[in-house]
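Just so you know, these numbers use all the heavy atoms, side chains as well, and skip hydrogens, waters and symmetry mates. Below, chain A is the first sequence line, B the second, and so on; all start at residue 1.
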Amino acid sequence: MSDVEELAARRQAVDDLRAAGIEPFPARVSRTHNAKEALEAYQPDVPEEEQPTVTVAGRMLTPRHMGKASFLHLQDGSGKIQVYAQRNTLGDAQFDLLKSLHPGDFLWVSGPVFQTRTGEITVRAREIKLISKALRPLPDKFHGIRDKEVRYRKRYLDLIANRESFDRLMLRSRIVSTVRRLLESRGFIEVETPVLQSLYGGAHARPFTTHFNALGEDLYLRIALELYHKRLLIGGVDKLFEIGRVFRNEGLSRKHNPEFTMLELYWAYADYHDIMSLVEWFVSETAGQIFGSPIIERDGQQIDLTPPWPRQTLREAILQYSGIDFTAYPVGEGDAALLSAARERGLQIPDRTPRGKVIDELLSTFVEPHLIEPIFLYDYPLELSPLAKTKEGDPALVERFEAFAGAVELANAFTELNDPQDQRRRFEAQAVDREAGDQDAHAFDEDFLEAMEHGMPPAGGLGVGIDRLTMFLTGAESIKDVILFPQMRRGSSLEDAEEDAENENDL
RNA sequence: GGGCCGCUAGCUCAAUUGGCAGAGCAAUUGACUCUUAAUCAAUGGGUUCCGAGUUCGAGUCUCGGGCGGCUCACCA
């Protein structure tokens, strides 16, 4: 039987069931236990007659029929539980129904728990009901789904067949919830700010554009949360955060998805040192609450997240791993020499690469791969940080840090620039870059400047890629493994579905 | 966008130098009252991603296209 024929056969089976007075998709079911609770309901050393009766529901996997008795497993969100059914306890009608069902069907089962000869806690079915019929077959019960394309496009199949995917989904949820709770426990409030913006900013990235019909205006999907959060600081909110989706119109990779989840946080009357303490605290605490220990294993290596994490200036780190001291090359007149020095170390960079970019290349090429243990690198060059406050006593640097662990950047933070005249100059410099062809350079945001001119408190700010934090904490190798429905090219599955529909019409 | 690799039954995978497209699971039928990847017997199921080309003959070789993975570029 081809898959199209099988689909037709199962649709027919649904009709046949209804004709026989059995509704295959009842509106309501009730259960007393989920699978995990049913397993826990079993009482050791108590005879079966005194065991509790449980009512469970779930997707039937691996039925094993043996003449007048059957075993099967039901899977629900909590896990799996085995069911034992016998013709003489269930009656002919229900037992025949059971034998006609397919792996993947949802089933409701009621009966006492007991222990089989092999020791597995099992529900002895006194009554069963079909509660949802699967019209298409499940993937291979043993091998699951290996094809990554199918796993990403049809995540539901991945979740059914590959338990580690299901577990990772649960972990991500717990990570987000734990971070949220920890921040709230420190007095931060969660806010929501616009996704649709008439001017984009807060990061160096290209936006998605869309159109608002009612106002006849083009709008951008946000690339960062920063500028609205700062308006809230100006408005008197001292401690705030948002966990939200941002959108960047850039390439796909193992570490990049065009829409991803960002945590941004702003803290009035704090600076980047306070933010460092906050980050090491909540990352370590999150790992501790979820895994039971702040020591996690990554690639067979133990990583201890317990605070305090070491702190090193960016200058020292780059000097240590590349031998280049970028502060020895004065801004402007030393830029060309710095570029030459970077090339001598083997960096492939074009002529006239801006100073900030050269330093960033040194960081990602020579330093980042070594940063397995968590560490803060701080004091960044001014050029690439148009929203950060300059360091007292060194106008070439800003009070910015990045946190690294597992050779990935986990967080980016700074003491926020709150001097509106300085901010205006930074926007002007960005506008020059923009004129020179840098499409990602920061827009000149007069509305934001006006807000700042009303007075913004000194503050520390933070950005954390939640997807990358999840990758780090769960050991995922691709961002697609921590995003349930990653971006994919519109592909064959649509066409396949259309073809299926045509084939059915031909039957 | 470049390079490399992959795409065969619903799922997981075979197919020798270019020589009859196969297996397990799933499906259908039957046997079976403690199985758990149940077992046993039988049956059905294919646009080998798509399109050209070479050839007596293409899953296999060549060219073009599609989708995916890895990687480089990009993404501070």
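Ring geometry for Y84(A) against F114(A) counts as tilted: the plane angle lies between 30° and 60°, on a 0 to 90° scale. Taking the six-membered ring for Trp and thresholds of 30 and 60 degrees, H370(A) and Y321(A) have nearly parallel ring planes, at less than 30 degrees apart.
Each of R400(A), E399(A), K391(A) was compared with T415(A) under the side chain to side chain donor-acceptor pair (under 3.5 Å) criterion, and only E399(A) meets it. For the side-chain contact (heavy atoms from CB on, under 4.5 Å) test with L72(A), the passing option among T122(A), I128(A), L61(A), L98(A) is L98(A); the others fail.
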Inset, instruction - Toss me the dot-bracket line for RNA chain B: Watson-Crick and G-U wobble, both under 3.5 Å, 5' to 3', using | for pairs to another strand and [ ] for crossers. - result: (((((((..((((.....[..)))).(((((.......))))).....(((((..]....))))))))))))....
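Checking C70(B), G69(B), C34(B) against the side-chain heavy atoms of M488(A) singles out G69(B) as nearest. Checking C70(B), U12(B), A38(B) against the side-chain heavy atoms of H143(A) singles out U12(B) as nearest. Residue R146(A) places its side chain closer to C13(B) than to any other of C13(B), A38(B), A37(B). Picking from C70(B), C11(B), U35(B) the nucleotide with the shortest atom distance to the side chain of K148(A) gives C70(B). Between C32(B), U33(B), G69(B), one nucleotide has an atom nearer to the side chain of K99(A) than all others, and that is C32(B). Checking U35(B), C11(B), U12(B) against the side-chain heavy atoms of P139(A) singles out C11(B) as nearest. If you check G68(B), A38(B), C34(B) against the side chain of F114(A), the one that comes closest is C34(B).
Contact annotation: the side chain of H442(A) approaches that of L387(A) to within less than 4.5 Å [non-hydrogen atoms, C-beta and beyond]. Residues Q82(A) and T116(A) form a side-chain contact, since some pair of their non-hydrogen atoms from C-beta on lies under 4.5 Å apart.
Residue contacts for K480(A): at a heavy-atom cut-off of 4.0 Å it reaches the sugar-phosphate backbone alone, with no base atom in range. Nucleic acid contact for D147(A): sugar-phosphate only, since backbone atoms but no base atoms lie under 4.0 Å from a heavy atom of the residue. Within the 4.0 angstrom heavy-atom criterion, no nucleotide atom of any strand lies near R206(A). Among the protein residues, R117(A) comes within range of the nucleic acid bases, having at least one heavy atom under 4.0 Å from a base atom. Among the protein residues, Y380(A) comes within range of no part of the nucleic acid, since none of its heavy atoms lies under 4.0 Å from any strand. Among the atoms of the strands shown, base atoms are found under 4.0 Å from some heavy atom of Y84(A). Note on E383(A): nothing from the nucleic acid sits closer than 4.0 angstrom, heavy atoms only. Within 4.0 Å of T116(A), counting heavy atoms only, lies at least one base atom of the nucleic acid.
OP1 or OP2 of U39(B) has not a single side-chain nitrogen or oxygen of R64(A) nearer than 4.0 Å. In this model, the phosphate group of C67(B) is approached by a side-chain N or O of R489(A) to a distance below 4.0 Å at OP1 or OP2.
Between the C1' atoms of C7(B) and U43(B), the separation comes to 30 Å (whole Å). Using atom C1' as the reference point in both G46(B) and A27(B), the two lie 15 Å apart (nearest Å). Nucleotides G65(B) and U28(B) are separated by 39 Å at their C1' atoms, to the nearest Å. A gap of 12 Å separates the C1' atoms of C49(B) and G59(B), to the nearest Å. With C1' as the reference atom, C4(B) and G45(B) are 36 Å apart, rounded to whole Å. As rounded to the nearest Å, G57(B) and A14(B) have C1' atoms that lie 22 Å from one another. Between A42(B) and C20(B), the distance separating the two P atoms is 25 Å to the nearest Å. The C1' atoms of G44(B) and U29(B) are separated by 11 Å, rounded to the nearest whole Å.
Rounded to whole Å, the distance from CZ on F95(A) to P on C32(B) is 11 Å. Across the protein-nucleic acid pair, F71(A) atom CZ and U39(B) atom P stand 15 Å apart, rounded to whole Å. In this structure, CD1 of I479(A) is placed 16 Å from C1' of C70(B), rounded to the nearest angstrom. The CZ-P distance, from R153(A) to C67(B), rounds to 9 Å in whole Å. Atom C1' of nucleotide C34(B) and atom CZ of R124(A) are separated by 9 Å, given to the nearest angstrom. Spacing between atom CE of M66(A) and atom P of A31(B) amounts to 15 Å, rounded to whole angstrom units. Summarising the geometry, the separation between CD on E149(A) and P on G6(B) is reported as 16 Å, rounded to the nearest angstrom. In this structure, R136(A) atom CZ and A9(B) atom P are separated by 16 Å, rounded to whole Å.
For a distance-only test at 3.5 Å, the side chain of D140(A) qualifies as a donor-acceptor partner of the base of G24(B). Between the side chain of S70(A) and the base of U35(B), no donor-acceptor pair under 3.5 Å is found.
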Can you pull every protein N or O that's under 3.5 Å from an N or O on nucleotides 26-29 of chain B?
residue, atom, partner, partner atom, Å
A26(B), OP1, K141(A), NZ, 2.7
U28(B), OP1, H102(A), NE2, 2.9

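Taking every heavy atom of both residues into account, G67(A) and K99(A) meet most closely at O-NZ, 2.9 Å. Residues A205(A) and I223(A) come closest through the heavy atom pair O-CD1, 3.8 Å.
Ion pairing between D325(A) and R315(A) holds under the 4.0 Å rule for side-chain N and carboxylate O.
Annotation: cation-pi geometry not satisfied between R424(A) and F427(A) (NZ/CZ under 6.0 angstrom from ring centroid, within 45° of ring axis).
Not one N or O on the side chain of R18(A) forms a donor-acceptor pair closer than 3.5 Å with the backbone of P24(A). Checking side-chain atoms of T353(A) against main-chain N and O of V358(A) turns up no donor-acceptor pair under 3.5 Å.
Ranked by how close their nearest RNA chain B nucleotide is to the 5' end, Q487(A) and E361(A) are led by Q487(A). Mapping F142(A) and V150(A) onto RNA chain B by nearest heavy atom places V150(A) closer to the 5' end of the strand.
Taking the six-membered ring wherever Trp is involved, the centroid distance between the rings of F401(A) and F376(A) falls below 6.0 Å.
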